[in-house]
Structures are given as structure tokens and as C-alpha cells.
Amino acid sequence: MSSHPAKPSMRDSLVAAAFQLFLERGYEQTTIDDIVRTAGVGRRSFFRYFPSKEDVVFPDHEQSLADMTEFLASSEDGDDPLLRVCEATRLVMRMYAENPTFSVQRYRLTREVTGLRTYELSVVWRYEKTLGDYLRTRFADRRDGTLRANVLAAAVVAAHNHALRHWLRSGGEGDPLAEVDRALEFVRDTWHPDAVPGGAGPGAAGEREPDDVVVVIAKRSTPMWRVVREVEASLGED
């Protein structure tokens, strides 16, 4: 049996070459031609995997979205919808946790490049839409079903991003899954369908102090990503 490590896939080689150049030269100064030259492949090979230079910065999100969609689609009728979307969100955090070095490098890069930050927001919106679509089907028999689904999806995404940024700003130190579990617990205690407004969450039997509740007032036409940003700002995020 060969003891040599497996050769990286062409996709992985392109990502590695891209980030090598981004760190050495900067994102704006790096072209697709530079990336394929460093990876030792042609332009056609690059576009076989990535539609644009922005996509090579986020190579794992398409699979992560597919995994989330499949996980939600496999839900049973008896599953708690809120708990299910929280578990689905943990799949995303696991994806980041699999490669802390890459995740931290990407975080720092997106902080520096406005275009990447905009692209990242579009990815976040797709995650939120996936969660919202699932919740709307589960709450279809409620008069407030659409509102409840939209609010819960936004809250879950905001909690996940709060924990994710805290972990990334630390340089990838600590346990990101424990971070996100604490954030999602706040969402469950606050928004669980059986929770008593202003009181303890389900099963708490009044033994704990109620958590703070964040209320954001926005126009109907306000994009959901902006609502999420308002929630994050109220939680002390920059």
C-alpha cells in the first residue's frame, strides 16, 4: 500500500493557488490568469469549477447549501421545526470548523475587500432563504406562518453569524460548535413556539431569568439581510 498522501484535486489546487496569491499580492491585484498559472492548469479548467474569481473565495458553500437542503428535506412530521433549522445551521459551522486556517484567512480577506463582503451577504441570504422556505411549509397552517418563518430564519442566521464571527476574530481558537450552540440556545429560548412571552422557555419551569428580547421594526420592503444586520447590531456586533 502506498504511503504517499493523496494528490489534491484540481479544485483544491485552484483554491490553494488563489489564496497563496491573495495573501502575497492582494485580492484585487490577482487575476484569474495568475491563479491558473500558479496552479499549472488552463483557464478552461478554472471556469469548469468556478464561474468567477469571487467564487474561488467561497468554494464550499454550494455543497454546504446542498447538505442543508437535503437535511431539511429529510425531516419527519414530528420534528420540531425550530430545533430542525438550528441543527441545519450547525452543519454550516461544521464546514467552517473543518479548516480553521482557511476560514480565518477568508474572513480577513472579506473584511478587506468590499466586493467579497457583498458576495458573502448574498450567500448568507441563500442560507436564510433555505431555512425560511422550510419553515414556511411547516407553519403553513398558521395565520402568522409566513411572518413566523421569516423571523425565525433571520434570528437563527443572526445567531449563527454572531458565534461564527466571534470565533473567526479569535483566530479560530476554541470550539466553534460550542459557540454556536450557545447562540442558538438563545434563539430557542426566545422564539420557541411554546415559550411564554416574557417568561421562561419550554421546560424551564420558571427556574431561570428570561433572556433579553431584541425587537427590530422595519418597513415591509426592507431587504431581509438588512434586518439581520440590525439584529446583529443590537447584539453588539460590528
Side-chain angles (χ1 to χ4, degrees), residues 58-99 103 120-167 175-197 199-205 208 210-211 213-216 218 220 223-229 231-232 235:
F58 304 93
D60 38 19
H61 281 295
E62 288 299 328
Q63 184 59 53
S64 183
L65 276 161
D67 291 343
M68 173 185 281
T69 301
E70 181 179 359
F71 177 79
L72 294 173
S74 66
S75 298
E76 302 289 341
D77 291 341
D79 290 337
D80 183 309
L82 178 52
L83 296 182
R84 193 69 176 173
V85 295
C86 286
E87 283 299 312
T89 305
R90 291 183 87 254
L91 297 176
V92 183
M93 185 63 87
R94 284 199 202 102
M95 177 265 289
Y96 280 95
E98 285 174 358
N99 194 339
S103 296
E120 185 181 49
L121 286 172
S122 72
V123 174
V124 171
W125 178 84
R126 292 177 65 192
Y127 281 116
E128 184 177 322
K129 182 178 184 301
T130 299
L131 297 178
D133 288 346
Y134 165 77
L135 289 170
R136 278 187 289 276
T137 63
R138 297 302 303 271
F139 297 148
D141 59 342
R142 301 180 60 111
R143 290 184 59 189
D144 64 348
T146 297
L147 174 62
R148 182 177 293 269
N150 290 343
V151 170
L152 287 179
V156 168
V157 168
H160 172 274
N161 290 345
H162 171 86
L164 175 61
R165 277 194 291 274
H166 184 270
W167 177 66
D175 184 353
L177 291 177
E179 293 263 6
V180 78
D181 282 344
R182 284 191 290 271
L184 292 173
E185 182 181 6
F186 172 83
V187 176
R188 291 194 300 270
D189 289 349
T190 304
W191 297 107
H192 195 283
D194 297 330
V196 178
R208 57 183 293 180
D211 292 312
V213 177
V214 177
V215 177
V216 176
R220 184 185 297 272
M224 190 55 65
W225 66 264
R226 189 178 297 278
V227 176
V228 173
R229 293 292 292 169
V231 173
E232 292 171 342
L235 292 172

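Because the structure is predicted, anything quoted here is derived from the model rather than measured.
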Between T89 and V157, is the side chain to side chain contact (heavy atoms under 4.5 Å, CB included) condition met? List the steps. CA-CA 8 Å; T89 305; V157 168; 5.9 Å; no
Derivation of the side chain to side chain contact (heavy atoms under 4.5 Å, CB included) call for E98 and D60: CA-CA 11 Å; E98 285 174 358; D60 38 19; over 6 Å; no
Check against side chain to side chain contact (heavy atoms under 4.5 Å, CB included), T137 and D133: CA-CA 7 Å; T137 63; D133 288 346; 5.9 Å; no
Let's go through R136 and N150 carefully: what are the C-alpha distance in whole Å and the side-chain angles of both, what is the deciding distance for side chain to side chain contact (heavy atoms under 4.5 Å, CB included) to 0.1 Å, and is it a yes or a no? CA-CA 8 Å; R136 278 187 289 276; N150 290 343; 2.5 Å; yes
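Within a 6.0 Å sphere centred on CZ of R94, heavy atoms belonging to other residues, nucleotides or ligands number more than 12.
The nearest pair of heavy atoms linking A159 to V187 is CB-CG2, 3.5 Å. Closest approach of Y134 to L72, counting heavy atoms only: CE1-O, 3.7 Å. In terms of heavy-atom proximity, S103 sits nearest to W167 at CB-CZ3, 4.3 Å. Nearest heavy-atom pair, A153 versus E128, reported as atom, atom and distance to 0.1 Å: CB-O, 3.8 Å.
Looking only at distances, no side-chain donor or acceptor of R84 sits under 3.5 Å from a matching main-chain atom of E76. Judged purely by atom type and a 3.5 angstrom limit, R138 uses its side chain to pair as donor or acceptor with the backbone of D77.
Interatomic distance, CE of M93 versus CG of D181, reported as 9.0 Å (0.5 Å rounding). To the nearest 0.5 Å, atom CG of residue L65 and atom OG1 of residue T130 are 5.0 Å apart. Atom CG in L82 sits 9.0 Å away from atom CG in L184 (nearest 0.5 Å). Atom CD of E70 and atom CD of Q63 lie 8.5 Å apart (nearest 0.5 Å). Between atom CG of residue L152 and atom OG1 of residue T190 there is a gap of 10.5 Å, rounded to the nearest 0.5 Å. The OG1 atom of T146 sits 11.0 Å away from the CG atom of L135 when rounded to the nearest 0.5 Å.
Classified by interplanar angle (parallel below 30°, tilted 30° to 60°, perpendicular above 60°), the ring pair H61/Y127 is perpendicular.
Remark: R126 engages E62 in a salt bridge, criterion side-chain N to carboxylate O under 4.0 Å.
Between F139 and P81 the shortest side-chain heavy-atom distance falls below 4.5 Å.
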